[in-house]
Amino acid sequence: MGIPNVKRFRITSPDGKDSATLMAVVPKGTDLDVYLKEASARYDWKTWQEQKASMFKVRVGQQKQKKAK
């Protein structure tokens, strides 16, 4: 079961190269532009880029060996 009233927001890095999805419950009356700008500034973009890079690394040396006849 999910958390009710959760909304997804797309934030971009300060340099504009990367984007991430932020899921949050925002109280009524909150200025979304200010909230998203602050969240983008506090986000750990360096770790985000490292995790993105590690997902696409190909493992070398783990291939199945063929039996020689």
Side-chain angles (χ1 to χ4, degrees):
M1 186 168 116
I3 301 171
N5 302 326
V6 172
K7 294 188 179 184
R8 293 176 184 233
F9 301 101
R10 181 67 101 185
I11 57 174
T12 56
S13 64
D15 60 1
K17 293 181 180 178
D18 287 324
S19 63
T21 302
L22 174 71
M23 297 177 69
V25 177
V26 181
K28 289 183 180 179
T30 304
D31 188 9
L32 284 179
D33 293 330
V34 174
Y35 176 77
L36 294 175
K37 192 173 188 178
E38 181 185 344
S40 179
R42 287 187 288 129
Y43 195 77
D44 191 3
W45 291 104
K46 183 178 178 186
T47 304
W48 171 255
Q49 290 171 349
E50 290 171 359
Q51 285 180 347
K52 245 173 95 173
S54 69
M55 279 196 310
F56 297 110
K57 286 186 179 175
V58 178
R59 293 176 62 179
V60 178
Q62 299 294 324
Q63 292 84 8
K64 191 172 182 179
Q65 300 264 335
K66 290 184 180 180
K67 286 188 176 180
K69 291 185 179 181

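By convention here, the first residue in the shown sequence is residue 1. Reckoned from all heavy atoms, side chains included, excluding hydrogens, waters and symmetry mates.
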*Asks:* Distance-only check: which donor-acceptor pairs under 3.5 Å involve side-chain atoms of residues 23-37, not counting sequence neighbours?
*Replies:*
| from | atom 1 | to | atom 2 | distance (Å) |
| --- | --- | --- | --- | --- |
| Thr30 | OG1 | Pro27 | O | 2.9 |

*Asks:* Rounded to the nearest 0.5 Å, how far does CH2 of Trp48 lie from OG of Ser19?
*Replies:*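 Rounded to the nearest 0.5 Å, the OG-CH2 separation comes to 7.5 Å.
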*Asks:* Any idea which heavy atoms bring Ser40 and Trp45 closest together, and the distance?
*Replies:* O-NE1, 2.9 Å
*Asks:* Roughly how far, to the nearest 0.5 Å, is CD of Gln49 from CG of Asp44?
*Replies:* 9.5 Å
*Asks:* Checking Thr21 against Arg10: is there a side-chain donor and acceptor pair closer than 3.5 Å?
*Replies:* yes
*Asks:* What I'd like to find out is whether the side chain of Lys17 reaches to under 4.5 Å of the side chain of Thr12, using heavy atoms alone.
*Replies:* no
*Asks:* Would you please name every residue forming a salt bridge (charged side-chain N to carboxylate O under 4.0 Å, His left out) with Arg42, sequence neighbours left out?
*Replies:* Glu38
